[in-house]
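This report refers to the structure that appears directly beneath it.
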Protein chains: 2
Amino acid sequence: MTLPSPFWSDDATTLYQGDSLRILQTLPTASVDAVVTDPPYSSGGMTTGARQAQTSTKYVLTGTKVQRPEFCGDNRDQRSFTLWASLWLAECLRVTRPGGVLLSFIAWRQLPSMTDAVQVGGWIWRGIVPWDKTEGVRPQMGFFRAQCEYIITATHGPMGNQGRTRRICMPGCFRESVHSREKLHITGKPVELMKRLLDILPAGSVVLDPFAGSGTTLVAARANGMHSIGVEMSDEYCAIARDRLAGSPRHVDSPASA
Amino acid sequence: MTLPSPFWSDDATTLYQGDSLRILQTLPTASVDAVVTDPPYSSGGMTTGARQAQTSTKYVLTGTKVQRPEFCGDNRDQRSFTLWASLWLAECLRVTRPGGVLLSFIAWRQLPSMTDAVQVGGWIWRGIVPWDKTEGVRPQMGFFRAQCEYIITATHGPMGNQGRTRRICMPGCFRESVHSREKLHITGKPVELMKRLLDILPAGSVVLDPFAGSGTTLVAARANGMHSIGVEMSDEYCAIARDRLAGSPRHVDSPASA
DNA sequence: CCCTTCTATGAATCGTGCT
DNA sequence: CAGCACGATTCATAGAAGG
């Protein structure tokens with residue numbers, strides 16, 4: 001299978017536009033050190049109507065002023081979500097070297113489906129790391145605030161020595177608030193959070209994000225002196241990611257900048 | 001079915017010794033406001049050998065001197081755990097009034113099984129609240145620290161007004177370190193954490209803990225001015241719980257102390 | 001025609017961070 | 001420092017569909 005031509009690339013980053021599963025199939029086996037991603041959660045899906053709603057209005061409260069582009073792939077029911085996730089996860093496993101790492105964001109409601117899919121896809125599930133969005137999130141009267149998202153951690157076979165030899169010790173809980181000004185995607189993650197997560201890998205590593213969105217993973221990888229490969233379906237978000245990457249500073253000690 | 005005679009009781013607290021499922025069957029329908037518990041996790045269960053190990057050594061690091069009493073019910077495989085949990089959860093649902101709340105601790109590995117069991121048992125799953133044990137837990141070289149346990153939240157049918165009318169807003173993440181001096185049970189939780197969790201209920205509520213252990217839930221309920229019912233299988237832990245309860249101060253504004 | 005079940009719609013909530 | 005915008009939702013209710 002021939003590699004598709006990238007939407008954009010430079011010496012540290014490659015961004016492909018298209019369907020994740022198709023693009024992943026063209027990538028060589030064992031060619032990346034880690035998969036770090038934030039897939040569509042399909043979390044609105046209690047009813048077909050709610051799932052079919054536009055994402056630009058679906059996650060937005062009545063009266064909110066900001067407008068952001070649509071994003072696709074957020075309209076599956078629970079069973080389809082699990083099956084679909086297991087498919088791209090299996091393909092990611094092939095592309096990742098043995099010992100490599102998977103870090104995948106998910107919301108509480110899809111957490112059990114996602115841990116199933118990770119294991120069906122052949123990964124060894126290693127745990128859960130909460131991302132505490134702090135008290136800024138919308139409160140729920142009389143109950144516990146839905147304040148956290150979760151990062152599912154897994155490895156391709158036995159743990160590699162990505163950190164063992166560096167004697168690093170990663171936190172098991174990340175507290176980082178969301179700054180809406182920074183969010184270029186409805187579900188955008190803070191760059192600082194991504195950078196802290198990527199500290200599990202040494203500089204020079206290759207990171208793959210099959211759902212790149214506005215490119216936060218790629219920007220963080222670049223800032224940490226890593227190479228990255230992104231896939232994003234929407235051309236609007238591809239353009240946003242390209243503009244961010246073209247404008248964002250590269251890590252000083254990056255092998256790519258040498 | 002006649003009520004068994006308690007192992008110990010006073011005007012705020014009742015402690016039964018015996019098998020949870022059997023004791024629960026004797027409790028009246030819709031007689032408690034909340035179930036707050038920390039069931040045996042069966043967390044070692046990757047191999048039968050690991051499951052058959054004695055519990056008092058299983059959770060202790062090599063070379064550690066502390067010895068605590070055995071506790072039972074921690075040797076099930078994944079499927080049996082889910083089935084067993086769904087049984088006592090269903091019985092707890094019956095004993096809980098409509099609108100009442102379930103808060104159940106669980107470790108990451110059993111989290112998906114437990115959310116299944118909660119829903120099989122008829123509860124409406126409302127979310128997950130991480131308990132961040134802070135950086136004091138044993139680090140894992142080269143990977144993310146297993147630093148959190150999780151509290152599964154659920155309700156008996158639509159949400160009651162336990163907090164709506166009081167206009168409370170509960171945190172969605174609890175950061176509280178473990179003090180091993182305070183731990184009378186191998187898996188004992190900090191009393192302060194339990195008290196903060198119980199803030200979701202007004203004083204005077206009735207709390208049920210079907211796996212009372214050393215009685216932390218009961219002690220916290222008493223300190224918050226609530227009534228509580230505990231069930232514990234081991235006579236050693238029953239004695240420990242009784243001694244703690246007999247020696248712990250009662251809440252000043254408690255209706256029980258009036 | 002009534003009862004149940006599903007769907008669509010809009011209101012709400014408060015701590016935080018930015019203006 | 002007061003004010004306003006914001007939130008990977010949830011709840012309640014009214015209306016439609018189905019039996």
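Letters go in sequence order (proteins before strands), and every chain restarts at 1.
- When only modelled atom types and interatomic distance are considered, A/T216 and A/R244 share a side-chain donor-acceptor pair under 3.5 Å.
- Stem regions for DNA chain C, each three or more consecutive Watson-Crick or G-U pairs with both distances under 3.5 Å and listed by first number, read C:2-12 with D:9-19, C:14-19 with D:2-7.
- Computed from coordinates, the A/K58 NZ to D/dG7 P distance equals 15 Å when rounded to whole Å.
- When the side chain to side chain donor-acceptor pair (under 3.5 Å) test is applied to A/S228, no partner is found at least two apart in sequence or on another chain.
- With rounding to whole Å, B/M170 atom CE is found 15 Å from C/dC14 atom P.
- Among residues at least two apart or in separate chains, salt bridge (charged side-chain N to carboxylate O under 4.0 Å, His left out) pairs with a member in residues 185-194 of chain A are A/D38-A/K189, A/E149-A/K189.
- Between A/K133 and D/dA8, a side-chain N or O to OP1/OP2 separation shorter than 4.0 Å is present.
- Remark: A/R196 engages A/E176 in a salt bridge (Lys or Arg N to Asp or Glu O under 4.0 Å) (not counting sequence neighbours).
- Here the P atom of nucleotide D/dT9 and the CZ atom of A/F143 are 16 Å apart, to the nearest Å.
- The aromatic ring of A/Y59 does not sit over the base of D/dA8; the criterion of centres under 5.5 Å apart with planes under 30° is not met.
- Heavy atoms of A/W131 sit nowhere under 4.0 angstrom from any nucleic acid atom.
- Under the ring pair (Phe, Tyr, Trp, His ring centres under 6.0 Å) criterion, A/W125 pairs with B/W108, sequence neighbours left out.
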Distances under 3.5 Å between nitrogen or oxygen atoms of protein and nucleotides 17-19 of chain C:
from, atom 1, to, atom 2, distance (Å)
C/dT19, OP1, A/R181, NH1, 3.2

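- Here D/dA8 presents its P atom at 13 Å from CD of A/E182, a figure rounded to the nearest Å.
- A search for side-chain contact (heavy atoms from CB on, under 4.5 Å) contacts involving B/V137 returns B/K133, B/R145, B/Q147, not counting sequence neighbours.
- Between the OH atom of A/Y237 and the P atom of D/dA8 there is a distance of 13 Å, rounded to whole Å.
- Every residue two or more places apart in sequence or in another chain that forms a side-chain contact (heavy atoms from CB on, under 4.5 Å) with A/A154 is listed here: A/L102, A/V118, A/W123.
- Between B/I152 and the options B/V129, B/L103, B/L111, B/L89, a side chain to side chain contact (heavy atoms under 4.5 Å, CB included) holds for only B/L111.
- Looking at A/S80 and A/D77, their side chains do bring a donor and an acceptor atom within 3.5 Å of each other.
- Closest approach to the A/Q140 side chain among D/dA8, C/dT13, D/dT10 is made by D/dT10 (side chain taken as heavy atoms from C-beta onward).
- The residue among B/R126 and A/K183 whose nearest nucleotide of DNA chain D is located toward the 5' end is A/K183.
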Report, one pair per line, the protein and nucleotides 1-6 of chain D atoms (nitrogen or oxygen only) whose separation is under 3.5 Å.
from, atom 1, to, atom 2, distance (Å)
D/dC6, OP2, A/K65, N, 2.8

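- In terms of the ring pair (Phe, Tyr, Trp, His ring centres under 6.0 Å) criterion, A/F174 has no residue partners (sequence neighbours excluded).
- With both ends at atom C1', the span from D/dA5 to C/dA12 equals 15 Å, rounded to whole Å.
- Rounded to whole Å, atom P of D/dT9 lies 18 Å from atom CZ of A/F144.
- Here A/F144 pairs with nothing under the ring pair (Phe, Tyr, Trp, His ring centres under 6.0 Å) rule; sequence neighbours left out.
- For A/R138 against C/dT13, a side-chain-to-base donor-acceptor contact under 3.5 Å is absent.
- If you measure from atom CE of A/M141 to atom P of D/dA12, you get 14 Å, rounded to the nearest angstrom.
- Nucleic acid contact class of B/P171 (heavy atoms, under 4.0 Å, all strands): none.
- For D/dA12 and C/dC14, the P atoms lie 16 Å apart once the distance is rounded to whole Å.
- Residue A/F71 is classed as a base contact, given a heavy-atom separation below 4.0 Å to a base.
- Side-chain to base pairing of A/D38 with D/dA8: one donor and one acceptor N or O lie within less than 3.5 Å of each other.
- One atom, CD of A/E176, and another, P of D/dA8, lie 15 Å apart when rounded to the nearest Å.
- Between B/V191 and B/V219, the shortest heavy-atom distance links the atoms CG1-CG1, 4.3 Å.
- With sequence neighbours left out, A/E182 forms a salt bridge (Lys or Arg N to Asp or Glu O under 4.0 Å) with no residue at all.
- For the P atoms, the distance from D/dA8 to C/dT9 is 23 Å, rounded to whole Å.
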